[in-house]
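Since the structure comes first, as structure tokens, the remarks are kept for the end.
Just so you know, these numbers use all the heavy atoms, side chains as well, and skip hydrogens, waters and symmetry mates. Below, chain A is the first sequence line, B the second, and so on; all start at residue 1.
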Number of protein chains: 2
Amino acid sequence: MPGSAHHTGRRSDALTRQRIVEAAVAILDAEGERGLNFRRLGRELSTGPGALYHHVAGKDELLSAATEVVLADVIPTGDARGDDAVREVALAVFDAIDAHPWAGTQLTLTPTHPTLLRIFETLGGHVRALGMPRSAEFAAASALLNYVLGVGGQNAANARMAPAGSRGDFLGSAAATWAQLDPAEFPFTRDVADQLREHDDREQFLAGVDLILAGIRALGVTRR
Amino acid sequence: MPGSAHHTGRRSDALTRQRIVEAAVAILDAEGERGLNFRRLGRELSTGPGALYHHVAGKDELLSAATEVVLADVIPTGDARGDDAVREVALAVFDAIDAHPWAGTQLTLTPTHPTLLRIFETLGGHVRALGMPRSAEFAAASALLNYVLGVGGQNAANARMAPAGSRGDFLGSAAATWAQLDPAEFPFTRDVADQLREHDDREQFLAGVDLILAGIRALGVTRR
DNA sequence: ACCTGAACACCGTTCAAGT
DNA sequence: ACCTGAACACCGTTCAAGT
């Protein structure tokens with residue numbers, strides 16, 4: 001933090017793109033997509049809504065920038081290889097969306113988001129290292145990305161329905177609903193109601209990643 | 001409409017929930033989420049926006065009902081078994097979302113949508129028939145559903161960016177962008193740019209389903 | 001009971017006027 | 001150049017008044 005000696009209040013700081021995006025992230029984390037609007041954001045930064053347009057193009061760009069902020073640094077660039085490397089990347093994205101559900105919504109809504117490209121590249125690199133035929137790499141990396149985004153989107157939607165720490169209640173009542181379904185029409189869902197109540201989202205997410213990884217080995221890997 | 005003494009408007013039929021939902025589907029199919037609003041819908045049905053609230057609770061319920069209309073009947077209840085049955089269900093959902101992208105967005109946004117329960121049940125029933133251990137069935141069915149929803153969400157987002165028949169151009173220019181990426185930073189994505197241009201969405205979707213199915217066989221099937 | 005459409009409460013965005 | 005906030009154009013929803 002270089003610069004000014006007097007640090008008396010936030011009003012003394014100039015309005016910058018970075019401060020706007022950070023304030024947006026704070027509002028989004030605290031209240032979700034619904035809480036963010038330009039009047040509210042202006043109030044938070046002690047200015048009017050119009051001022052923000054000197055630094056961001058509009059709401060879409062603001063949401064995109066906020067998503068970038070919370071996702072850009074989470075993709076691991078460690079030295080893990082093979083299945084573990086894929087798991088590590090997938091989990092990092094899962095955890096980031098779990099912490100910032102609105103970012104998950106955003107990613108599923110904007111297929112051109114720069115962060116998606118970086119996730120795809122990282123997954124693809126690790127998939128390539130598994131030794132599939134070239135012709136199957138693209139499909140495998142896409143499958144992993146789409147699965148991660150699918151879970152992220154559902155996670156974000158669930159967070160919207162059970163915002164606070166009411167997650168347990170939400171799962172519990174959903175499980176109760178499942179348990180009371182007509183056994184003739186919903187035999188499977190009824191049977192797994194207990195597993196819904198007790199399951200761990202993160203573990204189950206990883207189980208899905210492992211399923212795809214096992215499929216890659218079974219279908220695609222050149223002999224080892 | 002000559003001779004009509006009591007009915008002064010030009011509306012030929014009474015306003016019903018079904019007619020409203022059908023008109024909404026028509027607008028959504030023609031112009032996407034952006035084209036649907038209560039004033040427009042009222043105009044289409046020769047009435048004011050307020051009249052619609054006598055038949056639908058609000059916009060959320062209207063979108064939910066519209067999604068149900070285009071997805072309820074597509075889930076196959078045929079006599080396919082095993083992997084083919086799973087593929088059939090997944091493809092049916094894929095095709096429905098491909099034909100009505102806004103419905104894909106809706107499904108990824110509302111995890112409690114009744115259609116999701118039916119898709120989950122159907123997938124789960126077919127997964128169970130594969131003979132996995134009970135403890136793994138829930139995770140496998142969830143993985144399939146999340147993958148289907150992930151692809152559906154991305155598909156819907158792509159449709160929003162390339163609305164008309166401009167899909168080829170969209171893919172082409174995306175592939176061109178990928179081909180020009182920095183080979184040091186994006187080696188994988190750069191290499192698969194050609195595959196992006198030439199790939200078939202439906203085939204690639206099915207490849208992902210097959211990956212998960214192969215994983216189920218490799219990891220979970222009881223028969224050894 | 002059903003319908004009507006003006007009115008209300010928002011919210012993204014613009015722009016003339018200020019510093 | 002940057003900021004301000006009133007104003008504009010929407011849009012979901014409500015409601016008093018009509019049939």
Hey, is A:Asp95 close enough to A:Arg202 for a salt bridge, meaning N to O under 4.0 Å?
-> yes
What's the CD-C1' distance between A:Glu33 and C:dC11, to the nearest Å?
-> 16 Å
From C:dC3, D:dC3, C:dT13, pick the nucleotide closest to the side chain of A:Phe38?
-> C:dT13
Take atom CG of B:Asp60 and atom C1' of D:dC11, then tell me their distance rounded to the nearest Å.
-> 14 Å
Atom CG in B:Leu71, atom NE2 in B:His113: separation rounded to 0.5 Å?
-> 7.5 Å
Quick one: label B:Leu36 by what it contacts on the DNA or RNA (base, sugar-phosphate, nothing), any heavy atom closer than 4.0 Å.
-> sugar-phosphate
Are the charged groups of A:Asp182 and A:Arg190 less than 4.0 angstrom apart, N to O?
-> no
Look through every strand shown and name the nucleotide pairing with C:dG18 as Watson-Crick or G-U wobble, where both distances are under 3.5 Å.
-> D:dC2
Is C:dT13 paired to anything, Watson-Crick or G-U wobble with both distances less than 3.5 Å, and if yes, which nucleotide?
-> D:dA7
Nearest-nucleotide check on DNA chain C, A:Arg34 vs A:Ala51; residue mapping nearer the 5' end is A:Arg34
Under 3.5 Å, is there a donor-acceptor pair between the side chain of A:Glu61 and the main chain of A:Ala57?
-> yes
Does A:His55 put a side-chain nitrogen or oxygen below 4.0 Å from OP1 or OP2 of D:dC3?
-> yes
